[in-house]
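Comments concern the structure below.
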Amino acid sequence: MPSIDHNCPDPQLTDILRRELKRQRVKLEMIASENFVSEAVLRVGASVFTNKYAEGYPDNRYYGGCEHADELESLCQARIRKIFNCEHVNVQPHCGSSANMAAFFAVLNPGDPILGMSLAHGGHLTHGAPVNFSGRLYKTEFYGVREDNELIDYDELLAKAESHRPKLIIAGGSAYPRTIDFERFREIADRVKAYLMVDMAHFAGLVAAGLFPSPVPVADIVTTTTHKTLRGPRGGLILCRKSLAKAIDDQIFPGIQGGPLMHIVAAKAAALGEALEPEFIDYQRQIVKNAQRLATHLADSGFRLVSGGTDTHLILVDLRPKNLTGLAAERALDKAGVTANKNAVPFDRQNYAVTSGLRFGTAALTTRGFKERDMDQVAEFIVEALRRPDEDGYLTKIRQRVEAFTQAFPLYPNLDF
Ligand SMILES: *Cc1c(COP(=O)(O)O)cnc(C)c1O
């Protein structure tokens, strides 16, 4: 038996990890749902808490040895209550989808009617899509955006609420670049006596910084991921009023999860600690400035943007006027060193695997230190690549320039993998 070095993963694994680190360093990361956590969050997320079982909640666990886990989870909760000004938070959801599942289970029974934003118009799978548990368990109806301005159609929302009589209305989505009128959602929910849930997975960081209206005062339940604009580890959170606290907690554990990932709870606490620093507001402001600069540059270069621009970290480009599909554009950009994803645009005629749109986000590049003038360069790379999407040699040359450009923005300079 060869001796094993327990301080270092085996060479096969090390090689994969190193190549992934290199990929993150030399490409332009523009997937709107991604970000780069700090080295502190990375380290805490790989801590000895990965060894600990802590089923239950602070001071009420099913395992011994939880005294430090209790302190950790309480600290994480306190930071979240402070940032979002909420009455109660559950920090244990493994991801955004399980946060949503537990939230639904807390207020719905199978077969109940729900009303969410159409996936095709910027909603999320877990808001009732037929292929998702939410679409299989509940009677779903969808609202969307208006065709003329591509903003949420609140009249349609009201009409659908009155005809469908949902027990739960869901606001929020994954590809909607504009501010959302949560008060309006509340009025409509009240009119049909529905619960209102806001899924702020994408814009939670903006809410934390006060740059997007907070759904916390108006929604019954707010769910989120922690790894998008909030810049924490992969995971979820559920915020709610005291009156729903027990129902929510019971549905996370023992409802749908076993032991919480305490190393991830630790990393959430680390990220939320960063979010409490004044620099976090500057960071979030820069995200929006960068997105708006990118939007302006792309629009000036002849690209059509859904809703004409953005209020957030996110841009949706409609490629139909360019006779390009989202799939072809995503592939061309990847060859040019720009990582983004194809995305349906409202009223898209292409199927989900092809689409007519591209979604860009600026949270990750902003973490790397990109400012407005850097976004001009990024926009140029995108414009050039999409001008000749079928010419591999030409795209490779762009990728080499992208690689050189990224050198000025070191990512995890002290890290080996
Ligand atoms: C990303 C996202 C989720 C799901 O998050 P996962 O952690 O991938 O399960 C849920 N809702 C919305 C709106 C999202 O954007």
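Read the numbers this way: they start at 1 and go in the same order the structure lists the ligands and their atoms. Treat the numbers as computed from the prediction; the structure is a model and nothing was measured. Side chains are part of it too, since the values below use all heavy atoms of this structure and drop only hydrogens, waters and symmetry mates.
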Margin query: Tell me whether Lys322 forms a cation-pi arrangement with Phe303, defined as NZ or CZ under 6.0 Å from the six-membered ring centre and within 45 degrees of its axis.
Written below: yes
Within 45 degrees of the axis of the six-membered ring of Tyr283 and under 6.0 Å from its centre: does Arg231 put its NZ or CZ there? yes
One thing to verify: whether Asp155 and Arg184 come together as a salt bridge, which I'm taking to mean a side-chain N less than 4.0 angstrom from a carboxylate O.
yes
Assess whether a salt bridge exists between Glu20 and Arg23, defined as any Lys/Arg side-chain N lying under 4.0 Å from an Asp/Glu carboxylate O.
yes
Note every protein N or O atom lying under 3.5 Å from an N or O atom of ligand 1, pairing the names and giving the distance.
unit_1: ligand 1; atom_1: 7 (O); unit_2: Gly96; atom_2: N; d: 2.9
unit_1: ligand 1; atom_1: 9 (O); unit_2: Gly96; atom_2: N; d: 3.4
unit_1: ligand 1; atom_1: 9 (O); unit_2: Ser97; atom_2: N; d: 2.9
unit_1: ligand 1; atom_1: 9 (O); unit_2: Ser97; atom_2: OG; d: 2.7
unit_1: ligand 1; atom_1: 11 (N); unit_2: Asp199; atom_2: OD1; d: 3.4
unit_1: ligand 1; atom_1: 11 (N); unit_2: Asp199; atom_2: OD2; d: 2.5
unit_1: ligand 1; atom_1: 15 (O); unit_2: Ser174; atom_2: OG; d: 2.9
unit_1: ligand 1; atom_1: 15 (O); unit_2: Lys228; atom_2: NZ; d: 2.7

Item to check | Main-chain N/O of Glu403 paired to Gln407 side chain as donor or acceptor, under 3.5 Å | outcome: yes
All N/O donor-acceptor pairs, side-chain side in residues 99-109, below 3.5 Å, sequence neighbours left out:
unit_1: Asn100; atom_1: OD1; unit_2: Thr223; atom_2: OG1; d: 2.7
unit_1: Asn100; atom_1: ND2; unit_2: Thr126; atom_2: OG1; d: 2.9
unit_1: Asn100; atom_1: ND2; unit_2: Asp199; atom_2: OD2; d: 2.9

